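For reference, the structure discussed in these notes is given below.
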Amino acid sequence: MTESSSTAGTQKKFAVVGSGYMGGGIAQVLALGGARVALADVSAEVAQKNYERLLTESDQFVADGLFPAGSTEILRKNLWAAGTIEEAVSDASFIEEAVPEVLAIKHQTLARISAAARPDAVIGSNTSTISIADLATPVAHPERFLGVHFSNPSPFIPGVEVIPHAGTSAATVGAIRELVHSSGKQTAVVKDVTGFVLNRLQYALFHEAAQLVEQGIATAEDIDTLVRTTFGFRLPFFGPFAIADMAGLDVYNFCYQSLQTGFPERFATPKILSDLVDAGKLGTKTGAGFLNVPAERTAELIAYRNKAYVAMQQLLDDLGPAPIH
């Protein structure tokens, strides 16, 4: 299909280059958010095939209650399959690159995008591993380029990692945060370092879990059970700093000391933690810690926490166990 000349002039025009599972999901998010979104890939045929897949997929999501009724009609109106990358990006104010995680492929794609796009178009990459500064090399006006990292499956995971490189303008970061928020997602801005933040945290947990299995301390199944039913149970509601503040930073400090009896280097106490403890800032019980939640809000916070955990257990009971085994 081709871009409609009757598209309302006020509708924002975006493009997603790379229409596979990740790129297609991102395109769904942006199109359901109200933008007119071009899909591009290695050929017009691939883009068209993935356009049709996304509509079929949407029908199933609606039937399963995962997308609101009418979503497929919105996608049919707002998504279109471009014949080429150049056609897709020529009039777009935002372009998301979502091609395979190979630097040469991304450089080649970004060079084509940069050459054909408007000079003021913001260009994002969905990379999860490659340095944004390295990716920026073929991009003209690199101040408009940054990482915009959605997670899989992007229609259903609410967080987006925003990664400016040293040359990205503050205006670009602000524009992307506003764009992502308007699509119903949440953003976190992080620096352009190896692994960014999401994968450094995710792989730190996996690394420790893998060592526990290798050492025969617990099975993979038992570790998964512990993560799901203990600290992982808290994570949809509270991040690691909120959890630490509620537990008590003095308690965390003591636990580090205990861990150091077996692993003195691996579990060295973070200076940021010991500095807070030395200053008497012990978390919610003192009204100061990582997040500085006022002490008078402790009762309200505990009530929310308890309600959240009961609701989470009810949701898990309603869903039943995951079909892993």
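Keep in mind the model is a prediction, meaning the values are calculated, not measured. Position 1 is the first residue of the sequence, and the numbers go up from there.
Enclosure of atom CZ in Phe156 by more than 12 non-hydrogen atoms of other residues, nucleotides or ligands within 6.0 angstrom is indicated. Counted within 6.0 Å of CZ on Arg53, heavy atoms from surrounding residues, nucleotides or ligands total more than 12; the atom is thus considered enclosed. By the 6.0 Å contact criterion, CD on Glu178 is open, its count of non-hydrogen atoms from other residues, nucleotides or ligands being 12 or less. No more than 12 heavy atoms of other residues, nucleotides or ligands sit less than 6.0 Å from atom CD of Gln108. Heavy-atom neighbours of Ile272 CD1 from other residues, nucleotides or ligands within 6.0 Å: at or below the threshold of 12. Around the CD atom of Gln211, the shell of radius 6.0 Å holds more than 12 heavy atoms that belong to other residues, nucleotides or ligands.
Counting heavy atoms from C-beta outward, Val122 and Leu179 have side chains that stay 4.5 Å or more apart. Between Val213 and Thr219 the shortest side-chain heavy-atom distance does not fall below 4.5 Å. By the 4.5 Å heavy-atom criterion applied to side chains, Thr127 and Lys106 are counted as neighbours. Taking 4.5 Å as the limit, every side-chain heavy atom of Lys13 sits out of range of all side-chain heavy atoms of Ser93. At least one side-chain heavy atom of Arg305 sits less than 4.5 Å from a side-chain heavy atom of Phe238. Side-chain contact between Gln313 and Phe233 is present, with heavy atoms from C-beta onward closer than 4.5 Å. For the pair Leu273/Tyr256, a side-chain contact is recorded, criterion being any heavy-atom separation below 4.5 Å from C-beta on. For the pair Ser151 and Leu198, the minimum side-chain heavy-atom distance is below 4.5 Å.
A donor-acceptor contact shorter than 3.5 Å is absent between the side chain of Asn126 and the backbone of Glu97. Without hydrogens or angle criteria, Lys185 side chain to Ser154 main chain gives a donor-acceptor distance under 3.5 Å. In this structure, the side chain of Thr261 does not engage the main chain of Gln257 through any donor-acceptor pair within 3.5 Å. Under the 3.5 Å distance criterion, the side-chain polar atoms of Glu87 are matched with a main-chain donor or acceptor of Gly83. Between the side chain of Asn78 and the backbone N or O of Arg36, no donor-acceptor pair lies under 3.5 Å. Here the side chain of Ser114 pairs no donor or acceptor atom with the backbone of Ala111 at under 3.5 angstrom. Put simply, the side chain of Ser169 gets close to the backbone of Thr172: a donor and an acceptor are under 3.5 Å apart. Using a distance-only test at 3.5 Å, with no hydrogens or angles considered, no donor-acceptor pair links the side chain of His207 to the main chain of Tyr203. Side chain of His149 to backbone of Thr129: no donor-acceptor contact under 3.5 angstrom is found. Between the side chain of Glu161 and the main chain of Thr187, no donor-acceptor pair closer than 3.5 Å is present.
Residue Phe150 comes nearest to Val29 through the heavy atom pair CE2-CG1, 4.4 Å, listed as atom of the first residue, atom of the second, then distance. The minimum heavy-atom distance linking Gly23 with Val16 is given by the pair O-CG1, 3.4 Å. For Val89 against Ala116, the heavy-atom pair with the smallest separation is CG2-CB, 3.7 Å. The two residues Thr269 and Ser274 make their nearest non-hydrogen contact at CG2-CB, 4.2 Å. Nearest heavy-atom pair across Leu249 and Lys281 is CD1-O, 3.4 Å. Ser71 and Val62 make their closest contact through CB-CG2, 4.0 Å (heavy atoms, listed as atom of the first residue, atom of the second, distance).
Considering CG of Leu54 and NZ of Lys49, their distance stands at 12.5 Å, rounded to 0.5 Å. In this structure, the separation between OG1 on Thr286 and CG on Leu282 is 5.0 Å, given to the nearest 0.5 Å. How far CG of Leu39 is from CD of Gln28: 9.0 Å, rounded to the nearest 0.5 Å. Glu208 CD to Leu212 CG: the interatomic distance, rounded to the nearest 0.5 Å, is 5.5 Å. The CZ atom of Arg266 lies 12.5 Å from the CD atom of Gln260; values are rounded to the nearest 0.5 Å. Rounding to the nearest 0.5 Å places CG of Leu55 at 7.0 Å from CG of Leu79.
Ion pairing between Asp245 and Lys285 fails under the 4.0 Å rule for side-chain N and carboxylate O. At a threshold of 4.0 Å, the pair Glu73-Arg76 does not count as salt-bridged, since none of the basic side-chain nitrogens sits closer than that to a carboxylate oxygen.
The aromatic rings of Phe145 and His165 sit tilted, their planes meeting at an angle between 30° and 60°. Between Phe67 and Phe61, the ring-plane angle classifies as perpendicular under the 30° and 60° cut-offs. Using a 30° and 60° split on the angle between ring planes, Phe237 and Tyr309 fall in the tilted class, from 30° to 60°.
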Full working for side-chain contact (heavy atoms from CB on, under 4.5 Å) between Val139 and Arg144: CA-CA 9 Å; Val139 178; Arg144 44 89 175 256; 3.9 Å; yes
side-chain contact (heavy atoms from CB on, under 4.5 Å) between Asn152 and Tyr21, worked out: CA-CA 9 Å; Asn152 182 28; Tyr21 195 72; 2.9 Å; yes
Intermediate values then yes/no, side-chain contact (heavy atoms from CB on, under 4.5 Å), Glu96 and Val17: CA-CA 6 Å; Glu96 175 83 334; Val17 178; over 6 Å; no
Audit row: Val162, Val190, side-chain contact (heavy atoms from CB on, under 4.5 Å) steps and yes/no: CA-CA 6 Å; Val162 175; Val190 307; over 6 Å; no
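Put simply, the residue from Thr194, Val193, Leu103, Asp192 that forms a side-chain contact (heavy atoms from CB on, under 4.5 Å) with Ser131 is Asp192.
Using a 4.5 Å cut-off between side-chain heavy atoms of Ile, Leu, Val, Met, Phe, Trp and Tyr, with links allowed through other members, Ile223 and Phe206 fall into different hydrophobic clusters. Cluster annotation: Ile105 and Val42 are assigned to distinct hydrophobic clusters (Ile/Leu/Val/Met/Phe/Trp/Tyr, side-chain heavy-atom contacts under 4.5 Å, transitive). Val173 and Phe196 fall into different hydrophobic clusters, where Ile, Leu, Val, Met, Phe, Trp and Tyr side chains are chained together by heavy-atom contacts under 4.5 Å. Hydrophobic clustering (side-chain heavy atoms under 4.5 Å, transitive across Ile, Leu, Val, Met, Phe, Trp, Tyr) keeps Phe241 apart from Leu201. Clustering ILVMFWY residues whenever any of their side-chain heavy atoms sit less than 4.5 angstrom apart, transitively, puts Ile163 in the very cluster that holds Ile130.
Looking only at atom types and distance, the side chain of Asn199 has a donor-acceptor partner in the side chain of Gln202 under 3.5 Å away.
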